[in-house]
Every structure is written in structure tokens, then in C-alpha cells.
Peer 1: 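Here it is, the structure in full.
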Amino acid sequence: MFYSLGKYLLLLRLSFRKPEKFSVYWSEVMREMVSIGIGSLGIIATISLFIGAATTIQVAFQLSSPLAPMSIAGKIARDSTILEFSPTISALVLAGRVGSSIASQIGTMRVTEQIDALEIMGVNAPGYLISPKIIASMTMIPLLVIVSITLGITGGYIACVFSGDITPGDYIAGVRDGFDGLTIQVALVKAIVFGFLISSICAYQGFYTSGGALEVGQSSTKGVVYSCVMILFADLVITRVML
């Protein structure tokens with residue numbers, strides 16, 4: 001474990017060494033931001049709408065006591081979406097979509113000796129291949145989480161309109177009631193940390209792939225699994241520290 005951790009930290013140090021040409025790295029960062037952000041927007045939007053709607057309906061079902069105002073369903077759905085569902089579930093989905101892509105791309109370059117060719121030409125391969133992916137992930141995943149929060153709350157409103165379990169007025173009143181800006185800060189911190197974990201862990205697995213196509217698939221699988229485990233662990237730590 002300590003050997004792998006040491007290799008991981010050394011790879012990160014090489015990845016953020018001063019680049020040879022900023023213009024080349026900048027174009028790579030822009031390309032990765034489009035791939036991670038725009039490419040993942042559709043699946044994040046779909047998941048957020050359905051999760052927001054399902055959460056609101058379930059909260060309304062559990063509020064069977066006449067003493068509890070129905071507007072509290074909007075408050076519970078809002079805080080659950082902001083603190084847990086949007087950042088964590090979005091990160092787990094992105095670990096499968098973005099993480100596997102990063103691991104397979106770099107792993108394929110390793111087994112086809114393209115990384116060796118870059119190093120022979122004097123290019124800092126970890127910096128050229130990994131740092132743009134990490135920067136793009138830490139930039140775009142928080143933006144995707146903001147979109148997810150907005151659509152999750154919108155999905156809850158749509159569920160109120162069509163299900164009739166809660167009136168839309170009660171839901172909006174609950175969403176507005178007692179809003180704490182700290183929840184948004186916690187969600188964004190989680191998103192930044194999750195973005196770093198997904199990109200760096202999957203890049204590490206891909207960079208040290210050896211063998212052929214079978215090993216590329218195994219590295220991709222390991223990257224996704226380890227990323228998901230670390231996302232859940234970081235979620236627990238950040239929640240305990242900030243709340």
C-alpha cells in the first residue's frame with residue numbers, strides 16, 4: 001500500500017512540474033474541459049431531475065403526521081440534494097464515465113508505447129497527459145454539481161406539480177425557508193475534492209498499465225472502483241469536518 005501511495009504522490013509531483021510550453025497545456029486543458037463538462041451534462045441533468053423528483057415524493061410520503069407542515073418536505077429535499085445527492089451521486093456517475101475514459105486513454109497510450117515516445121522526445125509525459133485532466137476535472141465537476149443542484153430542486157417542483165402530494169406553493173416555501181449558504185460551500189468543496197480524486201486515481205491506474213488490451217480494461221475497472229471508494233471516504237470526512 002505504501003509503495004503504491006509513494007508512486008501516486010511522485011506521479012502527482014511530476015504532473016505539476018513547470019510545463020515546457022504553456023500554450024500546449026492550455027489547449028489540452030480546454031479540450032478536457034469540453035470533454036468532461038459538456039460531454040457529461042446530459043447524463044447529470046437526467047439523473048438530477050429524476051433524483052430530485054423521487055426524493056420529494058418519498059419525503060412527502062414519510063410526512064404522514066398532520067402536525068408537520070408540508071412545506072418541510074421542500075426544505076428536506078433541498079438540503080439533501082445540496083449536501084449529498086448532487087455532489088456524491090454525480091461524482092460516482094462521473095467516476096464511471098470520466099474516470100474510465102481517463103484510465104483507458106492513458107493505459108492505451110502506455111501499452112502502445114506512445115508515452116515512451118513522448119519521454120524519448122523530452123516531453124514531461126505526466127504533465128502533458130495528467131495535469132490537464134486534473135485541472136479540467138477540478139474546474140468542471142463543481143459547475144456540473146451546481147447544475148445538478150438546480151435541476152434536482154426543479155425536479156422536486158415538477159414532481160409536486162404532477163403528483164399532487166405537496167402543493168407547489170408549499171414546496172417553494174420549504175425551499176426558501178432557513179437556507180444556509182454553508183451547504184453550498186460544502187457541496188462545492190466536495191465537488192473539487194471528488195474531481196481531483198477521480199482524475200488523479202484513474203490517471204495513475206492508466207499510467208502504470210502494463211501488458212495489452214486486457215490490462216487496459218483491468219486498469220480502467222480498478223480506477224473506477226478505487227475512485228468510488230475514495231469518494232465515499234472523502235464525503236464522510238468533509239461532512240464531519242465542515243458540518
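The model shown is predicted, which means the values in this text are computed figures rather than measured ones.
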Peer 1: Answer whether the closest heavy-atom distance between the side chains of W26 and I135 falls below 4.5 Å.
Peer 2: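 Side-chain contact under 4.5 Å: no.
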
Peer 1: Side-chain heavy atoms under 4.5 angstrom apart, residues restricted to Ile, Leu, Val, Met, Phe, Trp, Tyr: same cluster for Y3 and Y226?
Peer 2: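 Y3 does not cluster with Y226.
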
Peer 1: Run the side chain to side chain contact (heavy atoms under 4.5 Å, CB included) test against Q185 and tell me which residues pass, sequence neighbours left out.
Peer 2: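 Q185 satisfies side chain to side chain contact (heavy atoms under 4.5 Å, CB included) with L182 once adjacent residues are dropped.
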
Peer 1: Please name all residues satisfying salt bridge (charged side-chain N to carboxylate O under 4.0 Å, His left out) with E119, sequence neighbours left out, ordered by chain then number.
Peer 2: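 So E119 forms no salt bridge (charged side-chain N to carboxylate O under 4.0 Å, His left out) with any residue.
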
Peer 1: Which heavy atom of G156 sits nearest to which heavy atom of Y171, and what is that distance?
Peer 2: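 Minimum heavy-atom separation between G156 and Y171: CA-OH, 3.5 Å.
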
Peer 1: Would L14 end up clustered with M121 when hydrophobic side chains under 4.5 Å apart are linked, directly or stepwise?
Peer 2: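 As far as the 4.5 Å side-chain criterion goes, M121 and L14 are not connected within one cluster.
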
Peer 1: Verify the neighbour count for atom CZ of F179: are there more than 12 heavy atoms of other residues, nucleotides or ligands below 6.0 Å?
Peer 2: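 Counting other residues, nucleotides and ligands, CZ of F179 exceeds 12 neighbours.
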
Peer 1: Side-chain contact test, heavy atoms from C-beta onward, threshold under 4.5 Å: evaluate it for I184 versus I146 and give yes or no.
Peer 2: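 The answer is no; the side chains never approach within 4.5 Å.
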
Peer 1: With sequence neighbours left out, which residue pairs that include part of residues 225-243 fulfil the salt bridge (charged side-chain N to carboxylate O under 4.0 Å, His left out) condition?
Peer 2: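 Counting only pairs at least two positions apart or across chains, the salt bridge (charged side-chain N to carboxylate O under 4.0 Å, His left out) contacts touching residues 225-243 are K190-D235.
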
Peer 1: Taking atom OG of S48 and atom CG of L151, what is their separation to the nearest 0.5 Å?
Peer 2: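 Answer rounded to 0.5 Å: 5.5 Å.
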
Peer 1: Given the rule in the side-chain contact (heavy atoms from CB on, under 4.5 Å) test, do I44 and S148 qualify, once you have shown the distances and angles that lead to the verdict?
Peer 2: CA-CA 6 Å; I44 292 298; S148 175; 3.9 Å; yes

Peer 1: Applying ring-ring contact (aromatic ring centres under 6.0 Å, His included), can you list everything that pairs with F50, at least two apart in sequence or on another chain?
Peer 2: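 Listed in chain order: nothing, the list is empty.
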
Peer 1: Measure across M138 and G195 and return the closest heavy-atom pair with its distance rounded to 0.1 Å.
Peer 2: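 Here M138 and G195 meet closest at CG-C, 4.3 Å.
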
Peer 1: Calculate, to the nearest 0.5 Å, the distance between atoms OG and CD1 belonging to S200 and I130 respectively.
Peer 2: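 With rounding to 0.5 Å, OG (S200) is 9.0 Å from CD1 (I130).
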
Peer 1: With sequence neighbours excluded, what pairs up with Y25 under the side-chain hydrogen bond (donor to acceptor under 3.5 Å, both in side chains) test?
Peer 2: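 Partners of Y25 by the side-chain hydrogen bond (donor to acceptor under 3.5 Å, both in side chains) criterion, ordered by chain and then number, come out as E20.
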
Peer 1: Nearest 0.5 Å, please: how far is CD in Q114 from CG in L129?
Peer 2: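 L129 atom CG to Q114 atom CD measures 9.0 Å (nearest 0.5 Å).
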
Peer 1: Write down the atom of M70, the atom of D165, and the distance for their closest heavy-atom approach.
Peer 2: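 So the two residues come closest at CE-O, 3.7 Å.
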
Peer 1: Hey, any chance V123 and F22 share a hydrophobic cluster, counting ILVMFWY side chains that come within less than 4.5 Å of each other, even indirectly?
Peer 2: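 Shared cluster, no.
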
Peer 1: Over all heavy atoms of both residues, which pair between C160 and T56 is shortest? Give the atoms and the distance, please.
Peer 2: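 Looks like SG-CG2, 3.7 Å.
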
Peer 1: Minimum heavy-atom separation for E32 to A136, with atom names?
Peer 2: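 Minimum heavy-atom contact is CB-CB, 3.6 Å.
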
Peer 1: For the residue pair T183 / D180, report whether a side-chain donor-acceptor contact shorter than 3.5 Å exists.
Peer 2: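 The answer is no; no qualifying pair exists.
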
Peer 1: Working note: Y157 + V175, criterion side-chain contact (heavy atoms from CB on, under 4.5 Å); need CA distance, chi angles, decisive distance, verdict.
Peer 2: CA-CA 10 Å; Y157 179 81; V175 169; over 6 Å; no

Peer 1: Given the rule in the side-chain contact (heavy atoms from CB on, under 4.5 Å) test, do C228 and V224 qualify, once you have shown the distances and angles that lead to the verdict?
Peer 2: CA-CA 6 Å; C228 290; V224 173; 4.2 Å; yes

Peer 1: In Å and rounded to the nearest 0.5 Å, what is the OG to CE distance from S35 to M30?
Peer 2: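 Interatomic distance, S35 OG to M30 CE, rounded to 0.5 Å: 13.0 Å.
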
Peer 1: Honestly curious: do F233 and L243 fall in one hydrophobic cluster under the side-chain, below-4.5 Å linking rule?
Peer 2: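 As far as the 4.5 Å side-chain criterion goes, L243 and F233 are connected within one cluster.
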
Peer 1: Run the salt bridge (charged side-chain N to carboxylate O under 4.0 Å, His left out) test against D116 and tell me which residues pass, sequence neighbours left out.
Peer 2: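 In terms of salt bridge (charged side-chain N to carboxylate O under 4.0 Å, His left out), with neighbours along the sequence ignored, D116 is linked to R110.
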
Peer 1: Measure the shortest side-chain to side-chain distance between V59 and I166 over non-hydrogen atoms and say whether it is less than 4.5 angstrom.
Peer 2: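 No; the side chains remain at least 4.5 Å from each other.
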
Peer 1: Under a single-linkage definition using a 4.5 Å side-chain heavy-atom cutoff for Ile, Leu, Val, Met, Phe, Trp and Tyr, are I115 and V111 assigned to the same hydrophobic cluster?
Peer 2: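 Looking at the clustering, V111 is in a separate group from I115.
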
Peer 1: Output, in order, the C-alpha distance, side-chain angles, deciding distance and verdict of side-chain contact (heavy atoms from CB on, under 4.5 Å) for C202 and S227.
Peer 2: CA-CA 7 Å; C202 292; S227 297; 3.4 Å; yes

Peer 1: Could you check if a side-chain atom of L188 sits within less than 4.5 angstrom of a side-chain atom of P142, using non-hydrogen atoms only?
Peer 2: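 L188 reaches P142 side chain to side chain.
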
Peer 1: Does any part of the side chain of S40, heavy atoms only, come nearer than 4.5 Å to the side chain of V98, both counted from C-beta?
Peer 2: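 They are in contact (side-chain heavy atoms under 4.5 Å apart), so the answer is yes.
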
Peer 1: What residues form a side chain to side chain contact (heavy atoms under 4.5 Å, CB included) with I89, not counting sequence neighbours?
Peer 2: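 By the side chain to side chain contact (heavy atoms under 4.5 Å, CB included) rule, I89 matches I47, I51, F85, V93.
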
Peer 1: Could you list the residues that satisfy side chain to side chain contact (heavy atoms under 4.5 Å, CB included) with V34, not counting sequence neighbours?
Peer 2: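 V34 satisfies side chain to side chain contact (heavy atoms under 4.5 Å, CB included) with I38 only.
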
Peer 1: Can you list every pair that meets side chain to side chain donor-acceptor pair (under 3.5 Å) and has a residue in residues 69-80, with sequence neighbours left out?
Peer 2: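 Pairs touching residues 69-80 that pass the test: none.
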
Peer 1: Measure the shortest side-chain to side-chain distance between V193 and I238 over non-hydrogen atoms and say whether it is less than 4.5 angstrom.
Peer 2: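 Counting from C-beta outward, V193 and I238 do come under 4.5 Å.
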
Peer 1: Donor-acceptor pair, distance only, cut-off 3.5 Å: does the side chain of T46 make one with the backbone of G42?
Peer 2: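 Checking the backbone N and O of G42 against the side chain of T46, a donor-acceptor pair under 3.5 Å is found.
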
Peer 1: Measuring from atom OG of S15 to atom NZ of K133, what distance do you get when rounded to the nearest 0.5 angstrom?
Peer 2: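 If I round to the nearest 0.5 Å, the distance is 10.5 Å.
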
Peer 1: Side chains of L118 and N124: does their closest heavy-atom pair fall under 4.5 Å?
Peer 2: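 Contact flag for L118/N124 side chains = no.
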
Peer 1: With sequence neighbours left out, what residues match S219 under side-chain hydrogen bond (donor to acceptor under 3.5 Å, both in side chains)?
Peer 2: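 Partners of S219 by the side-chain hydrogen bond (donor to acceptor under 3.5 Å, both in side chains) criterion, ordered by chain and then number, come out as T209.
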
Peer 1: By salt bridge (charged side-chain N to carboxylate O under 4.0 Å, His left out), which residues pair with R97, not counting sequence neighbours?
Peer 2: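 None.
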
Peer 1: Sorted by first residue and then second, give each ring pair (Phe, Tyr, Trp, His ring centres under 6.0 Å) pair with at least one member in residues 181-214; sequence neighbours left out.
Peer 2: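 Pairs touching residues 181-214 that pass the test: Y8-Y204, Y204-Y208.
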
Peer 1: Which value, rounded to the nearest 0.5 Å, describes the distance between Q205 atom CD and I102 atom CD1?
Peer 2: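 The distance works out to 12.5 Å.
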
Peer 1: Under 4.5 Å between any side-chain heavy atoms of S137 and I198, yes or no?
Peer 2: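 They are not in side-chain contact.
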
